[in-house]
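No experiment lies behind these values; they were computed from the predicted model shown.
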Amino acid sequence: MSKERIKQLIEDRTDQDGLTENGIHGVRMFRATQAIPCVPAVYEPSVVAIVSGSKEAVLDGHRFVYDDSKYLCCPMSMPVKAGTPNASVDDPLYGVFISLNQRVMTELSLEMENAEGALPVVKGGLRAQGIRLAKWDEGFTDALLRLLQLGKNPTDAAILGDARLRELYYAILQGEAGIFARQAFGAGNAIARSIAHVSSQLDAPISIDDMASRAGMSRAVFHRKFKQATTMAPIQFVKSMRLNNAAMKIAGGMTVNEAAIGVGYVSPSQFSREFKRMYGTSPRRWSDGHHGAIGGA
């Protein structure tokens with residue numbers, strides 16, 4: 001019943017395809033009524049929940065298909081391919097995208113670890129592979145409904161939004177993806193901090209030695225732990241982040257040269273070579289064939 005109410009709330013407030021603001025910072029609803037193949041995207045720390053239809057995300061060859069039985073949890077910025085291959089006018093996709101605030105998630109993770117009788121303390125680095133699907137449990141469903149109900153009244157959203165969002169974060173940390181998320185947001189996770197730094201500095205020179213140094217690890221240890229957490233070697237991750245961001249910029253109407261410079265490429269020819277190697281076509285042909293096709297949520 002709660003999922004049906006969530007679906008009705010989203011239907012009532014989305015009158016076009018794409019993302020719709022909900023009045024609460026970091027929470028957006030979305031609708032899709034046409035099939036979109038998986039295209040390059042960058043998932044920022046977030047949870048994506050589908051209440052009608054299904055969605056796909058691909059990370060380094062690993063395919064994640066999710067619907068109203070499981071939501072997607074992505075606690076670190078990840079270069080993915082995402083799409084809605086089965087959406088149609090007769091069977092529209094409805095869902096909600098929730099950004100995960102690093103400060104709040106970290107505070108909650110630490111509070112839960114310190115609270116007597118809470119979840120066991122998580123030790124060691126990330127063991128999962130960048131993305132995790134988690135079962136819609138009662139706590140998550142109820143917290144999401146309570147959050148979305150605030151969107152009816154701007155005053156309610158302004159006064160209660162942060163508290164309801166924190167309640168949803170808590171439900172996520174208690175749920176099936178809880179340990180995975182706590183590993184990313186808990187104190188001492190150098191890999192997650194390294195990824196956050198890379199994501200905010202894509203237009204600047206990035207070296208693996210610098211990433212390892214920031215994480216306080218030797219290059220060899222950093223390489224092993226990074227691949228364990230993301231499935232990708234650090235250099236492959238950085239390249240994928242840059243090229244996926246560039247592909248999204250080009251699809252959004254930016255020129256090829258502007259997109260290349262915006263993600264840190266100095267040489268247009270190098271950018272074109274690496275882009276074609278990853279996507280099988282030149283940036284200009286990509287622009288012609290994918291204008292407006294942005295992976296997004």
Side-chain angles (χ1 to χ4, degrees), residues 38-48 55-66 70-83 99-100 102 105-106 109 122-134 172-173 176-248 263-264 274 277-279 295-297:
C38 288
V39 295
V42 173
Y43 275 178
E44 299 302 332
S46 58
V47 159
V48 187
K55 190 165 172 57
E56 292 186 19
V58 180
L59 173 64
D60 193 34
H62 298 273
R63 183 167 171 260
F64 300 85
V65 180
Y66 55 108
K70 289 183 178 290
Y71 60 87
L72 179 142
C73 179
C74 180
M76 301 178 293
S77 297
M78 285 288 140
V80 300
K81 292 182 178 179
S99 296
L100 297 178
Q102 183 172 359
M105 287 291 284
T106 298
S109 297
V122 178
K123 296 182 179 180
L126 284 165
R127 295 289 186 269
Q129 297 179 334
I131 284 176
R132 172 89 187 256
L133 298 184
I172 293 165
L173 290 167
E176 197 171 55
I179 291 180
F180 172 51
R182 289 168 65 217
Q183 284 178 313
F185 289 104
N189 189 354
I191 299 299
R193 291 200 307 274
S194 175
I195 287 173
H197 175 74
V198 168
S199 300
S200 65
Q201 301 289 328
L202 285 177
D203 59 344
I206 299 172
S207 75
I208 306 308
D209 287 335
D210 180 54
M211 291 173 67
S213 177
R214 285 178 175 276
M217 303 176 189
S218 70
R219 184 184 176 105
V221 170
F222 178 75
H223 186 281
R224 174 171 56 81
K225 288 183 176 291
F226 194 97
K227 190 167 186 178
Q228 187 179 63
T230 67
T231 78
M232 288 177 272
I235 192 71
Q236 179 191 1
F237 179 88
V238 171
K239 185 179 294 186
S240 295
M241 285 289 283
R242 281 179 161 157
L243 291 175
N244 276 25
N245 267 285
M248 292 171 67
V263 297
E274 294 187 357
R277 193 177 299 126
M278 177 166 285
Y279 304 125

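- Of the inter-residue distances, the one linking Met78 atom CE with Met232 atom CE reads 6.0 Å to the nearest 0.5 angstrom.
- The backbone N or O of Val238 lies less than 3.5 Å from no partner atom in the side chain of Ser240, so there is not a single donor-acceptor pair.
- In Gln102, the CD atom is not crowded: 12 or fewer heavy atoms of neighbouring residues, nucleotides or ligands sit closer than 6.0 Å.
- To the nearest 0.5 Å, atoms CD1 (Ile206) and CG (Asp209) are separated by 13.5 Å.
- A distance below 6.0 Å separates the ring centres of Phe237 and Phe226.
- Across His223 and Ala233, no two heavy atoms sit closer than the pair NE2-CB, 3.5 Å.
- Side-chain atoms of Pro45 and Ser77, non-hydrogen and from C-beta on, do get closer than 4.5 Å to each other.
- Side-chain atoms of Asn189 do not come within 3.5 Å of backbone N or O of Phe185 as any donor-acceptor pair.
- Looking at Ser199 and Met241, their side chains come closer than 4.5 Å, going by heavy atoms from C-beta outward.
- Side-chain contact between Asp60 and Thr230 is absent, with no heavy atoms from C-beta onward closer than 4.5 Å.
- Panel note: side chain Tyr279, backbone Ala247; no donor-acceptor pair is recorded below 3.5 Å.
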Can you check side chain to side chain contact (heavy atoms under 4.5 Å, CB included) on Lys239 and Glu274, steps first, answer last? CA-CA 9 Å; Lys239 185 179 294 186; Glu274 294 187 357; 3.7 Å; yes
Apply side chain to side chain contact (heavy atoms under 4.5 Å, CB included) to the pair Val39 and Lys81, showing each step before the final yes or no. CA-CA 5 Å; Val39 295; Lys81 292 182 178 179; over 6 Å; no
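- Between the side chain of Arg242 and the backbone N or O of Leu202, at least one donor-acceptor pair lies under 3.5 Å.
- Minimum interatomic distance between Ala184 and Ala192 (heavy atoms only, all atoms of both residues): O-CB, 3.3 Å.
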Under the criterion side chain to side chain contact (heavy atoms under 4.5 Å, CB included), I'd like the reasoning laid out for Val80 against Val42: C-alpha separation, chi angles, the key distance, then a yes or no. CA-CA 6 Å; Val80 300; Val42 173; over 6 Å; no
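- Atoms CD1 and CZ, on Ile131 and Arg63 in that order, are 13.0 Å from each other to the nearest 0.5 Å.
- Closest approach of Ala229 to Ile191, counting heavy atoms only: CB-CG2, 3.9 Å.
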Please step through side chain to side chain contact (heavy atoms under 4.5 Å, CB included) for the pair Phe222 and Ser194, ending with a clear verdict. CA-CA 10 Å; Phe222 178 75; Ser194 175; 3.5 Å; yes
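- Asn244 and Tyr43 form no side-chain donor-acceptor contact under 3.5 Å, judged by distance and modelled atom types alone.
- A distance of 6.5 Å separates CZ in Arg182 from OG in Ser109, rounded to the nearest 0.5 Å.
- Within the model, atoms CZ of Phe64 and CG of Leu72 stand 7.5 Å from one another, a figure rounded to the nearest 0.5 Å.
- In this structure, Met105 CE and Leu173 CG are separated by 4.0 Å, a value rounded to the nearest 0.5 Å.
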Is there a salt bridge (Lys or Arg N to Asp or Glu O under 4.0 Å) between Glu176 and Lys70 once you walk through the steps? CA-CA 10 Å; Glu176 197 171 55; Lys70 289 183 178 290; 3.5 Å; yes
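- Between Gly130 and Leu59, the closest heavy-atom pair is CA-CD2, 4.1 Å.
- Listed here is the closest heavy atom pair of Lys55 and Gly83: CG-O, 3.4 Å.
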